[in-house]
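For reference, the structure discussed in these notes is given below.
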Amino acid sequence: MDGLNKFFEFSGFANATPGHIIMLLIGLFFIFLAIRYKYEPLLLVPIGFGILIGNIPFVENVGLNLGIYEEGSVLNYLYQGVLKGIYPPLIFLGIGAMTDFSTLISSPRLMLLGAAAQVGIFLTFLGAIALGFQQAEAGAIGIIGGADGPTAIFISSRLANGLNNTQNLIGPIAIAAYSYMALVPVIQPPIMRLLTSKAERVIRMKPPRTVSKTEKMIFPILGLLLTGFLAPGALPLLGMLFFGNLLKESLVTKRLADTARNSMIDIVTILLGVTVGASTQASVFLTPQSILIFVLGALSFIIATAGGITFAKVMNMFLKEGSKINPLVGAAGVSAVPDSARVVQHEGLKADPSNHLLMHAMAPNISGVIGSAVAAGILLSFLN
Amino acid sequence: MDGLNKFFEFSGFANATPGHIIMLLIGLFFIFLAIRYKYEPLLLVPIGFGILIGNIPFVENVGLNLGIYEEGSVLNYLYQGVLKGIYPPLIFLGIGAMTDFSTLISSPRLMLLGAAAQVGIFLTFLGAIALGFQQAEAGAIGIIGGADGPTAIFISSRLANGLNNTQNLIGPIAIAAYSYMALVPVIQPPIMRLLTSKAERVIRMKPPRTVSKTEKMIFPILGLLLTGFLAPGALPLLGMLFFGNLLKESLVTKRLADTARNSMIDIVTILLGVTVGASTQASVFLTPQSILIFVLGALSFIIATAGGITFAKVMNMFLKEGSKINPLVGAAGVSAVPDSARVVQHEGLKADPSNHLLMHAMAPNISGVIGSAVAAGILLSFLN
Amino acid sequence: MDGLNKFFEFSGFANATPGHIIMLLIGLFFIFLAIRYKYEPLLLVPIGFGILIGNIPFVENVGLNLGIYEEGSVLNYLYQGVLKGIYPPLIFLGIGAMTDFSTLISSPRLMLLGAAAQVGIFLTFLGAIALGFQQAEAGAIGIIGGADGPTAIFISSRLANGLNNTQNLIGPIAIAAYSYMALVPVIQPPIMRLLTSKAERVIRMKPPRTVSKTEKMIFPILGLLLTGFLAPGALPLLGMLFFGNLLKESLVTKRLADTARNSMIDIVTILLGVTVGASTQASVFLTPQSILIFVLGALSFIIATAGGITFAKVMNMFLKEGSKINPLVGAAGVSAVPDSARVVQHEGLKADPSNHLLMHAMAPNISGVIGSAVAAGILLSFLN
Amino acid sequence: MKFDLSALDADSLFIALIGYLIVFISLVLLYFIFDNLPRVLNLLKRMAASNEKLKENPPVSSKRNVPGEVNAAIATSLHLYFSEMHDEEFTKLTINKVSRNYSPWSSKIYSVMRSQMMNK
Amino acid sequence: MKFDLSALDADSLFIALIGYLIVFISLVLLYFIFDNLPRVLNLLKRMAASNEKLKENPPVSSKRNVPGEVNAAIATSLHLYFSEMHDEEFTKLTINKVSRNYSPWSSKIYSVMRSQMMNK
Amino acid sequence: MKFDLSALDADSLFIALIGYLIVFISLVLLYFIFDNLPRVLNLLKRMAASNEKLKENPPVSSKRNVPGEVNAAIATSLHLYFSEMHDEEFTKLTINKVSRNYSPWSSKIYSVMRSQMMNK
Ligand code: NA
Ligand code: NA
Ligand code: NA
């Protein structure tokens, strides 16, 4: 029965390896987390299902064109958006069209916390080098500390894409970034309690002032010019982020902003999620590097959190009574918008049930996004 | 007047052939059917208008870049989505996000009817070979019996795309598939009456049980794993179908499901329809093969219908009184969702005005889609 | 400090030139016009911001891949839609799906005004040649007189794209076209008053008859066949325009028309606007040619306006009392939909506060779109 | 770069002339067509009128004519029979949504689906 | 081109046969699985039931359980405190929109954003 | 693979240091700018205030100022004059939709179109 053999050879049963099974379980776990605990469902569901699709065992390079790494396969075409770094800027466009920068404009000094937290990126970068990764790869790994999925994917598509003798680490880096972003509520609280005294945790802050429409319109324009001149490498990300935000704030392009923050970002999210997931084919994903990347990622989140909090405490030394900053707010500097801001809110309530820090936490939270994009831009110009 | 000559040479009047006129009339007829009788308007209008666009007589390969088969023309760029098989999986994604698998989950035994009806695919495959088509081409032609536009386009883009000395039959196969899907209400009833006795047509079936949210969430996941392991070749289609369905059923990714089943599928449908239509350029389309394909297509629909009904009658031999299946329901196994299910409903009402078979018919109707996608996967792995 | 140097070399401060500053100011001016005066905001905001993005000074060809003209940059990928002429037809698809051709069907004689105004295109074409542009380039420049952004972009992507030793004039031509379209309310009124007597400006016209659904369905079909046969070169634009319109008028494909005129056209507009803007990189844009193009563009708008008005006066010589045309309406023939129609309405009201010309002006206004697309088609077939 | 009329070769003049001509021809033709269309349509309507009588109720057409509302209603009632959680609002929803139906297989699936979606 | 059965080689017949067979196998397996799924689920539910008690209130989950509404309400009130122009409708809007939240960073940003957007 | 600090060359340390520095610089600058923006804006507002008087009613601007509502209203009334089927609701619809207007030619076409679409 030659026919039956051929069928069997092609079936998943003939080609399954322990690796496939492990990855399938991971995929199921992601989906479980998303549905059961609502951890980043809009990302974990597509990524999780993508992991399943990518790890159904099939024969590669027999013209079947199923694998995401096989030229001519549908997945491979859709994966180009990740590989060429096209999806992340489009997602930033949508984000800009849905993000309100008011809090950041009204209390600009809190932006510094968003800068401070980026220490996680650079220490992780050094750590990765110490662990033997090449500079370029190390830069991509470091950005995990930016707690920003699209930024991590974009920079790894540029620095750790398997070209000019780097390894293709896009999959592991993306998965690590999103996993830890989902786990922020688990990772941050202990560090926050460790580094702050009860007295600090109960500090109350003045409510931010209201912001005028004009200020909101000017922000994306000045933001672009400033960051663009300092770190042109960040343009693809920040250019689109501020573009989307101007579409929103100009008040004369409402329909474009609506499309950007709805159907457009949804379509890109679906394609990005499922292809990033599928790119974790066991053969490519289950390597010692991946494990190291996950370790480094965890560290970078911890360092970033500590960095934000510590800097807040340092600032307090120079601030007079009444205008002091609640150091918990510093933890929001890692971004992972808006989870870390919510963690701050939650920890603040624990210390003083009537002290709402959410709005204050949003400023470092969002500036953390700008901060890590700038960091990405710098690393790109130095390392590519 | 050299200028006027040149203009005239380029104009449609100079280049019109009987073939062009015939195709233009066919295009107009499609549009007429869609508007006058509402036959699949969402497909026949774009396809019909595409036929018009593709058959306006123009000069090819003089740098004008108008023809869909001319590299660098807009149509050619948009046609890549068909040629590379990218549009069909995206359409399946949207379908998954709008389809409710409850009926299928609640009465799984009816799925077998969806399997039985696929006999049309394989007999047509053999018939095509007997008529001298190559194996690969025959496989693509057979899928017309799957009564599933996107599947037919996807597989013909893989097996009969003009490469490795096959002919490019995407156009004829797609047009045949959609035409007969539109004509299901004309094709099926006579066969149904021929193969069933009055006594069988009045059989009543128990209403299906209600299905829990959990079951609905599990369906796409198990569906993917099972079909993926058995027929990896079906992954591009079924992977996306089940992905879309999980987006819908997970209940935590509502906005993604909404976009997938609305703007995303609409955009793809517009582009797929108009380019498939335009790909029927007279020079390519009006061939003896096309006629053979239409004949084979008609046969495959008839065989599929008969297969579904007969298998239902066979099943009844083993089912005890009270749980018997109304054989009319078998006809819905060809898919052509949901027209054939509506035909069943209508024929059922004719036999017994109070016997509504619609919900029962949906199960084989939808499983027929899975069935033909699996068949496509198998044929791909054997024939490419 | 080698490191700091390297950073500085990459920063905008090191690479800024007067050209960059000029372009940045132009970009800011576009955004200002859009927000302050609501001049074409849906285009000027994206184009303006695109100009900013494209003129942040960065180092090119060092692997940073930021420039829109650097292969592998995100902007370059998105720019392909402009360069290959893919975006304009998709925009025409959306336009067709949102445009109502009733006025044009109900008073077809006014279509002639839309034809007459196209004189601007051809005289500008000759003028450009007299100024030393090559025929192909001249053709693209002439289309500015069509007062139709997408058409201008499409034809320049075909005739003045930097290939077969033409210069890449897409940027200047697109910017010129959109600038003057925004300035129509400034350019047209003086010419209108100059060429018409008070007696002519107060002419009243009969309200157009109502149009049946059937007529509306037939229009896009006959429109396609007629223009397609006469000027196949216009197919990519008019084919899509009429396709979109049939989706709208067929009444059986509502959901497709909705998507085409909303999310689809929005997405394309965002991408087209920002990339066209970014394509005005100082190095490419600030050339004597650009200035000549702006001069020619202004002329073409003036000539077109005059052409429309004069032809209306000529027609009046042959029309009997009571059915005469108010020559102001001729000015709407340039298209720039619907601004020039509004200018007509406004000038009409000035002459007679109770004489509303808006509906009458829409007919030449829309037929002007068809007219310039046909002109584009002709020029393509002669010049490519 | 100076303005040099001598650069205007016959070819370019031809193109401009003929181009303008053709633009006119196209729109003049469109004018004639749509000026006479109403008359033509009335003619066709009269012819169609007779065909109507034949076309109105053959098997196909009648099959087709099971109107979406009716069918959705059936599906709904069928459904309500074995559905657990449902309320007035849902039912209304179903009937209303009938128009927005869609599927690349058929433009009528959605109406059926809607009614099933109710037990979610 | 004539209909020539002799063209049917064994290979093709095999493919047809096995293909049809596998289609059946897949759907038969799906049949078995979903025929037994309810039983399995009940089993799991009973097991899950016990886990629930543990899972229901650990730090993580509880952190997560600050429900969107509550939070939006907080954000809103916080906001109203220093916002200028706002009215009942806006507030309602905010609360309602909580479900439609989204961000590639997190699916909860939107709820927070909405409440801020109010002072536009 | 072991953790080997000796792998940390000067170059890498530089990059890390300078990178972190620049991140700070960017956000510090943003801080200064937006800390002073309100003051600057007030200044500009005062200047603008005077320009307003000039800018408010020149030909252009006034032309522009035919507000969409008014125009839609005109178009509507014009339309109702020769339209057959129309009702209150449609008219309302028209006026409401005025804001959602769009066209790559101009962002004002849609308002005009809407009012015409009524006789469909
Ligand atoms: Na960050
Ligand atoms: Na099927
Ligand atoms: Na025009």
Side-chain angles (χ1 to χ4, degrees), chain A residues 101 104-119 121-127 129-133 135 138-139 142 209 211-212 214-215 218-219 222-223 226-227 229-231 234 252-256 288-289 292 367-368 370-379 382-383, chain F residues 1-49 52 64 67-68 96-104 106-111 113-114:
Chain A
F101 284 106
L104 196 141
I105 299 168
S106 57
S107 40
R109 64 181 189 156
L110 294 180
M111 286 199 261
L112 303 183
L113 300 173
Q118 307 313 319
V119 65
I121 291 176
F122 297 100
L123 289 188
T124 314
F125 162 67
L126 295 176
I129 288 172
L131 282 167
F133 285 97
Q135 268 195 345
R209 65 178 179 82
V211 169
S212 75
T214 327
E215 285 175 288
I218 291 171
F219 184 80
L222 286 186
L226 188 83
T227 54
F229 267 77
L230 280 164
V252 290
T253 52
K254 191 182 172 316
R255 61 172 286 155
L256 298 185
Q289 277 79 352
L292 285 173
S367 60
I370 299 172
S372 43
V374 170
I378 302 295
L379 289 172
F382 278 114
L383 303 177
Chain F
M1 245 177 179
K2 49 181 269 307
F3 191 79
D4 168 11
L5 282 174
S6 68
L8 292 175
D9 50 316
D11 184 31
S12 307
L13 290 166
F14 259 138
I15 294 175
L17 206 71
I18 292 159
Y20 196 34
L21 197 70
I22 296 164
V23 172
F24 256 102
I25 295 173
S26 345
L27 286 162
V28 168
L29 286 177
L30 272 178
Y31 160 50
F32 278 121
I33 293 172
F34 285 93
D35 206 30
N36 300 308
L37 191 59
R39 252 156 268 134
V40 181
L41 284 181
N42 289 335
L43 213 92
L44 291 174
K45 232 175 234 140
R46 253 176 267 109
M47 290 160 55
E52 283 313 275
R64 281 292 170 174
N96 301 345
K97 285 288 167 63
V98 166
S99 49
R100 283 194 44 267
N101 55 29
Y102 169 79
S103 136
S106 155
S107 41
K108 269 151 264 75
I109 181 177
Y110 203 62
S111 56
M113 292 307 154
R114 288 302 312 172

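Within every chain, numbering begins at 1; the chains are lettered A, B, ... in the order of the sequence lines, protein sequences first and strands thereafter.
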Which bit of [X] comes within less than 4.5 Å of chain A, counting heavy atoms only: side chain, backbone, both or neither?
X      : value
L17(F) : neither
L41(F) : side chain
L29(F) : both

Checklist entry - Going through the distances and angles, do D11(F) and Q135(A) end up as a side chain to side chain contact (heavy atoms under 4.5 Å, CB included)? => result CA-CA 10 Å; D11(F) 184 31; Q135(A) 268 195 345; 3.1 Å; yes
Item to check | When L123(A), I218(A), I121(A), T253(A) are compared by non-hydrogen pairs under 4.5 Å with chain F, the top option | outcome: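 It is I218(A).
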Item to check | Winner by heavy-atom pair count (cut-off under 4.5 Å) against chain F, out of V119(A), L104(A), I105(A) | outcome: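 Highest number of pairs under 4.5 Å: V119(A).
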Checklist entry - Given the rule in the side chain to side chain contact (heavy atoms under 4.5 Å, CB included) test, do S12(F) and D9(F) qualify, once you have shown the distances and angles that lead to the verdict? => result CA-CA 6 Å; S12(F) 307; D9(F) 50 316; 2.5 Å; yes
Find the one option among [options] whose heavy-atom pairs under 4.5 Å with chain A are most numerous.
options                       : value
V23(F), L13(F), L8(F), I22(F) : V23(F)
G19(F), A16(F), A7(F)         : A16(F)
D35(F), L30(F), L5(F)         : L30(F)

Checklist entry - Distance-only, no hydrogens or angles: does the Y20(F) side chain make a donor-acceptor pair with backbone N or O of A116(A) under 3.5 Å? => result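 Yes, because the side chain of Y20(F) sits within donor-acceptor range (under 3.5 Å) of the backbone of A116(A).
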Checklist entry - Is a side-chain donor or acceptor of Q118(A) paired with a backbone partner of G368(A) at a separation under 3.5 angstrom? => result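 Yes.
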Using heavy-atom distances under 4.5 Å, tell me whether [X] contacts chain F through its side chain, its backbone, both, or neither.
X       : answer
A231(A) : neither
F219(A) : both
L379(A) : side chain
L126(A) : both

Distance (rounded to the nearest 0.5 Å) between [X] [atom1] and [Y] [atom2]:
X       : Y       : atom1 : atom2 : result
T227(A) : I370(A) : OG1   : CD1   : 7.5 Å
Y31(F)  : S107(A) : OH    : OG    : 10.5 Å
L222(A) : L37(F)  : CG    : CG    : 7.0 Å

Next on the checklist: Determine whether N42(F) and R46(F) satisfy the following criterion, side chain to side chain contact (heavy atoms under 4.5 Å, CB included), listing intermediate values before the conclusion.
Outcome noted: CA-CA 6 Å; N42(F) 289 335; R46(F) 253 176 267 109; 4.0 Å; yes
